[in-house]
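So the structure is just underneath, and the comments pick up after that.
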Amino acid sequence: MADTARDPPPEHTDFHELEDGEEDLFPEPTATEEESQPASLPAEDISTNSNGPKQDSLFDDDPEDLFAEATEEVSLDSPERDVLLSDGPSPAITPITPPTSVITPRIGHAHDDMFTRSSFDEIEEEEGGDSFDIHISVSDPEKVGDGMNAYMAYKVTTKTSMSLFKCSDFSVKRRFSDFLGLHSKLASKYLHIGYIVPPAPEKSIVGMTKVKVGKEDQSSNEFVEKRRSALERYLMRTVKHPILLKDPDVLQFLESSELPRAVSTQALSSAGLLRMVNKAADAVNKMTIKMNESDAWFEEKQQHFENLDVQLRKLHTSVESLVCHRKELSVNTAQFAKSAAMLGNSEDHTALSRALSQLAEVEEKIDQLHQDQANADFYLFSELLGDYVRLITAVKGVFDHRMKTWQKWQDSQMLLQKKREAEAKLQFTNKPDKLQQAKDEIKELEGKVQQGERDFEQISKIIRKEVSRFEKERVKDFKSIIIKYLESLVQTQQQLIKYWEAFLPEAKAIS
Amino acid sequence: MTSIDENSKEKLRSVSVDLNNDTSLIIDIPDALCEREKVKFTVHTKTTLSSFQKPEFSVPRQHEDFLWLHDTLVETEDYAGLIIPPAPPKPDFESPREKMHKLGEGEATMTKEEYTKMKQELEAEYLAVFKKTVQVHEVFLQRLSSHPVLSKDRNFQIFLEYDQDLSVRRKNAKEMFGGFFKNMVKSADEVLISGIKEVDEFFEQEKTFLLDYYSKIKDSTAKAEKMTRAHKNIADDYIHISATLNSISAEDSTANKKNLEKLSDLFEKLRKVEGRVASDQELKLTELLRYYMRDIQAAKDLLYRRARALADYENSNKALDKARLKSKDIPQAEEHQQQCLQKFDKLSESGKKELTSFKGRRVVAFRKNLIEMAELEIKHAKNNVTLLQGCIELLKGN
């Protein structure tokens, strides 16, 4: 097994094992091993090594040990990783061309058969001794380099007591494309089997250019802060997912001091262009797939997410408008404060003049209050909604993958049917080798059909769990952030009371 | 017919205090009717003065009638030494009308509930504009009725009493044009004023103060108006947020439904408070500033008239000197000079009184309004805190 790991491409070996049908549980994790670890890793015992999708038989015994092993493997830094910088049609940065299902999930003929994940249920239920305790913060944005090649480096600090990690408190430096690279890897591994992978923050060529080129002004500072906050939320959402948390790419991202540059995440790279093409192809495909939904649950949920999408977008727009108007209020209040100060100076009645100056001071403090509130409106309320609009798009994507999986299964079935008919015809001709060939093909197809059905059932099962986890998480998330937001509103109002109560005696002192 | 109760009128009236203290002549506008562009005010008078035919009576008046009254007072030579209360501005429903139009266009994008709420907000705004215009017309009349000299004006009496349409007596086109011309002359006077050498310390100070104060208060009025508008926009946003949360909760079948309903309800209540913050700020601050901006303009007008009288007096001196030189028409010139001096002295004396009482009036009004505004801000903020904390408790408890 170790050898196969080093020799690309190993597909054929894996396929053979699969075709036997029964023991497919073992080979598949191995295949995944290879897709998630570089060719050059001196894996001593890949078959037991599983940071990605896991084998179930081993877990029942001693989850703790497995985690420990996994950690060791992941921590190995291999210089040979530079091989990963291929601009090939792979959004994931793995040199080996493992089963095409991994690299090209979007190009129709994915060999999803690799991933029957019945094992995962058990894993999630027995999380071992580790309760979820991890906190990630993204901080200290630092500009590195000059001009158009400059970029922002962020400090990613992880604080945790989970045994999954080597240390309990550590940090690394990452740049934006690293985050995109991580997401791209996770998406290519998990999306098409039904896991809701949190989307990465959006790129912004305009925003970033301003930062690269411009001086330290308010709008570029705001942009950096917006991005920093988004990256932090992204990482927290990713690690909250029990499967993603244990993914070697995630662990490497958090722990490894050096990370190879994810070149293929650039918008204008060939990988980026391929992504765009794939997206377009997907959209067309989606329109043509007519699925016979036998499961009302899926239909209901899909409708539910469609509706939620529309409503959240609407809400997001209203909150964005609120942020805008609150900022306007702050600006207008500041302007009024200045004007009131001038009026106070001009006023010749002493007591009134003093009161007007005091009014100007109060209004100036209030304008700062409004500014702070606008920030809370944005970072707590508006960004929450923006995140969920994107998350729901990911959820919808997962449902789409299920449709595609179903389609694949149906296609195999139809093909099988055709081959059977052809074989039947061949029975009456005298072409023994053609007949044999037909029989072989049929056997292969039968396996494919079975696999297709299994894949479909698997993805359906996973989606059910994912959706329930997602909904729970969503409710929790919303509640905790909304409470924080309301508390920010309370604070603003309490400050307002203080300011006006301080002003009141001044007004009364006018005589 | 829109009746405005005494309570709210009391609140509205605070821009000018100490009105209607003299029970011999009490004026108010208990009713007003809005017909398309025109507003018809019902001016109601209660009096013990014998100069009036009846002790109590009401007449319908239009905005133009008020303007006519103001202009006749301004043009009355005898009142040159008085601050004539500023004319009430024309009723302006442009803003809510435009918003109503926009709302109509955007109806398709909102839920029925949202649309209804927005419409309610706009109707409230309409009503607020309406109340404001009634108040401003009422205050104008009350300023007149509480002025020792102006309350006795013949035209004022006609305005209050004449039970037929006043349009016969109102400015016709020619007069209006005359009025416009007069304004042009006035601005020339401004140049004149700055040029004239002031002999009296008091008036010198007042001139400097009023000119400067006017531009500052004009600016403050505009800025205060922008603040109020931003508050109103925020209140509108809360309506949309509340409505969308309601829609989301309607489709939610989990335990979260209740939370969403509470939140939607909270935003609905918050927007009502925000709306009140906006309207209170408008009444206590923006309207206060706006009223005194106009009042200061009226005070400036007094200064101009006095400066013109001074100029006339100086010219008459020059004419007298010339006459003496030429030894021609000396008695006329002397008399003319005496008249000018008398006029100027009269204006100065009454002007001083008026400006002093004006300052007092202004200080009292500012004090009252600033106190009331601070108190209302505190009240609304406390209300908000209660609403918010209530909702937080409910959410945490669930």
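Here is the naming used below: chain letters follow the sequence lines, and residue numbers restart at 1 for every chain.
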Presence of salt bridge, [Y] and [X], under 4.0 angstrom:
{"X": "B:K359", "Y": "A:D348", "answer": "yes"}
{"X": "A:E501", "Y": "B:K382", "answer": "yes"}
{"X": "B:K223", "Y": "A:E363", "answer": "no"}
{"X": "A:K314", "Y": "B:E114", "answer": "yes"}

Looking at [options], which one has more heavy-atom pairs under 4.5 Å with chain A than the rest?
{"options": "B:R362, B:H380, B:M373, B:R229", "answer": "B:R362"}
{"options": "B:Q389, B:K379, B:E251, B:H240", "answer": "B:E251"}
{"options": "B:L289, B:N256, B:N233, B:L263", "answer": "B:N233"}
{"options": "B:S215, B:S247, B:C391", "answer": "B:S247"}

*B:E354: what forms a side-chain contact (heavy atoms from CB on, under 4.5 Å) with it, not counting sequence neighbours?*
B:L82, B:I83, B:H147, B:L302

Does any backbone or side-chain atom of [X] lie under 4.5 Å from a heavy atom of chain A? Answer side chain, backbone, both or neither.
{"X": "B:T109", "result": "backbone"}
{"X": "B:L285", "result": "side chain"}
{"X": "B:E206", "result": "side chain"}
{"X": "B:Q205", "result": "neither"}
{"X": "B:D236", "result": "neither"}

I need the [X] [atom1] to [Y] [atom2] distance, nearest 0.5 Å.
{"X": "A:I366", "Y": "B:E377", "atom1": "CD1", "atom2": "CD", "result": "6.0 Å"}
{"X": "A:L504", "Y": "B:L370", "atom1": "CG", "atom2": "CG", "result": "10.0 Å"}
{"X": "A:Q311", "Y": "B:L260", "atom1": "CD", "atom2": "CG", "result": "11.0 Å"}
{"X": "B:F267", "Y": "A:S318", "atom1": "CZ", "atom2": "OG", "result": "10.5 Å"}
{"X": "A:N332", "Y": "B:K226", "atom1": "CG", "atom2": "NZ", "result": "5.5 Å"}
{"X": "A:F336", "Y": "B:T221", "atom1": "CZ", "atom2": "OG1", "result": "8.5 Å"}

Best-contacting candidate, [options], against chain B by heavy atom pairs under 4.5 angstrom:
{"options": "A:K498, A:R326, A:E328", "value": "A:R326"}
{"options": "A:T492, A:I482, A:L312", "value": "A:I482"}
{"options": "A:S330, A:A507, A:A355, A:S346", "value": "A:S346"}

_Please give me the minimum heavy-atom distance between A:L496 and B:A381, naming the atom from each residue._
CB-CB, 4.3 Å

*Is it true that the side chains of B:D219 and A:S339 contain a donor and an acceptor less than 3.5 Å apart?*
yes

_Can you tell me which portion of A:E471 sits under 4.5 Å from chain B's heavy atoms? Options are side chain, backbone, both or neither._
neither

*Can you tell which part of A:L315 gets under 4.5 Å to a heavy atom of chain B, answering side chain, backbone, both or neither?*
both

*Any donor and acceptor pair, going by atom type alone, linking the side chain of B:R367 with main-chain N or O of A:K508 inside 3.5 Å?*
yes

*Evaluate the side chain to side chain contact (heavy atoms under 4.5 Å, CB included) criterion for residues B:N384 and A:L489: first the C-alpha distance (whole Å), next the side-chain angles of each, then the deciding distance (0.1 Å), finally the verdict.*
CA-CA 9 Å; B:N384 273 337; A:L489 286 173; over 6 Å; no

*B:F209/A:E347 under side chain to side chain contact (heavy atoms under 4.5 Å, CB included): CA gap, chis, key distance, verdict*: CA-CA 8 Å; B:F209 167 66; A:E347 173 63 61; 4.2 Å; yes

Take atom [atom1] in [X]; do more than 12 heavy atoms of anything else shown fall under 6.0 Å from it?
{"X": "A:K338", "atom1": "NZ", "answer": "no"}
{"X": "A:K240", "atom1": "NZ", "answer": "yes"}
{"X": "A:Q495", "atom1": "CD", "answer": "yes"}
{"X": "A:E364", "atom1": "CD", "answer": "no"}

*Apply the test side chain to side chain contact (heavy atoms under 4.5 Å, CB included) to residues A:W500 and B:L376: give CA-CA distance (whole Å), side-chain angles for both, the deciding distance (0.1 Å), then the verdict.*
CA-CA 9 Å; A:W500 285 113; B:L376 284 167; over 6 Å; no

*Only counting residues at least two apart or in another chain, list the ones meeting side chain to side chain donor-acceptor pair (under 3.5 Å) with B:E274.*
B:H231

*Output the residues of residues 100-107 of chain B for which the shortest heavy-atom distance to chain A is under 4.5 Å, in residue-number order; output 'none' if no such residue exists.*
none

*Among pairs that include at least one residue of residues 294-303 of chain A, which meet salt bridge (Lys or Arg N to Asp or Glu O under 4.0 Å), considering only residues two or more places apart or in two chains?*
A:D295-A:R464

_I'd like to know whether A:L322 forms a side chain to side chain contact (heavy atoms under 4.5 Å, CB included) with B:Y238, so could you lay out the CA-CA distance, the side-chain angles of the two residues, the decisive distance to 0.1 Å, and finally the verdict._
CA-CA 8 Å; A:L322 176 66; B:Y238 282 169; 3.7 Å; yes

